[in-house]
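Each remark here refers to the structure printed beneath this line.
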Amino acid sequence: MCIRDRQSLAAMFDLISALESRNPEAYHSHLHIHQDGSCNGLQHYAALGRDFEGAEQVNLMNTERPGDVYTHVANMVQTRVDKDANCLLYTSDAADDLLCVDL
């Protein structure tokens, strides 16, 4: 018997116990339920910073479609790469100073 079979069997026994109890709505189950957050650490940052755009991307807010923070960041990076690709970069004497001149 594989783990999924045992988990299914445990869920069935637990459901039967709940339904046979005097108050199924108040039945306390001891089944382990896996929950996955969407970038859990980023959810905390978005909530603490009251970052509404970030909250949408990490699924803290109700939206029409689930957020995908990785795609959002990739799109932001691609936009920056595209912008930089259309510039001539000149350096000054300081190695960290870059000047972008649009072509």
Side-chain angles (χ1 to χ4, degrees):
M1 183 182 277
C2 77
I3 189 74
R4 279 205 168 137
D5 294 337
R6 288 188 294 245
Q7 289 172 338
S8 295
L9 187 60
M12 288 181 231
F13 283 139
D14 203 55
L15 178 60
I16 290 168
S17 295
L19 294 174
E20 290 178 346
S21 71
R22 289 180 182 229
N23 187 358
E25 290 83 13
Y27 178 79
H28 186 79
S29 173
H30 293 283
L31 289 177
H32 296 275
I33 305 297
H34 175 76
Q35 288 183 293
D36 183 25
S38 299
C39 305
N40 218 268
L42 295 178
Q43 286 180 328
H44 289 287
Y45 287 136
L48 289 169
R50 294 189 170 116
D51 175 9
F52 291 102
E53 183 180 357
E56 288 178 353
Q57 297 304 319
V58 293
N59 301 307
L60 285 179
M61 297 179 69
N62 288 331
T63 56
E64 290 182 23
R65 293 179 42 197
D68 181 358
V69 70
Y70 298 111
T71 300
H72 182 72
V73 171
N75 290 338
M76 290 171 52
V77 170
Q78 187 62 54
T79 299
R80 182 64 187 257
V81 168
D82 293 342
K83 179 181 178 244
D84 288 349
N86 291 322
C87 294
L88 292 173
L89 297 178
Y90 297 96
T91 60
S92 66
D93 291 337
D96 292 335
D97 291 337
L98 296 176
L99 174 64
C100 179
V101 179
D102 290 327
L103 295 175

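Start at 1 with the first residue, then count along the sequence.
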Nearest heavy-atom neighbours spanning [X] and [Y]:
X: Ala55; Y: Ala46; result: N-CB, 3.7 Å
X: Leu60; Y: Gln43; result: CD1-O, 3.2 Å
X: Ala18; Y: Ser21; result: O-OG, 2.6 Å

Atom OH of residue position Tyr27 - does it have more than 12 heavy atoms of other residues, nucleotides or ligands inside 6.0 Å? yes
Apply the side chain to side chain contact (heavy atoms under 4.5 Å, CB included) test between Glu56 and each candidate in Thr63, Asn62, Asp51; give the one that qualifies. Thr63
Cluster question for you: counting only ILVMFWY and a side-chain heavy-atom cut-off of under 4.5 Å, with indirect links fine, are [X] and [Y] together?
X: Tyr70; Y: Val77; result: yes
X: Val73; Y: Leu42; result: yes
X: Val58; Y: Met61; result: no

With sequence neighbours excluded, what pairs up with His30 under the ring-ring contact (aromatic ring centres under 6.0 Å, His included) test? His28
Point-to-point distance, once rounded to the nearest 0.5 Å, from CG of Leu9 to CG of Asp14: 11.0 Å
CD on Glu20 to CG on Leu15, rounded to 0.5 Å: 9.5 Å
Pair Glu53, His72: side-chain N/O donor-acceptor within cut-off below 3.5 Å: yes
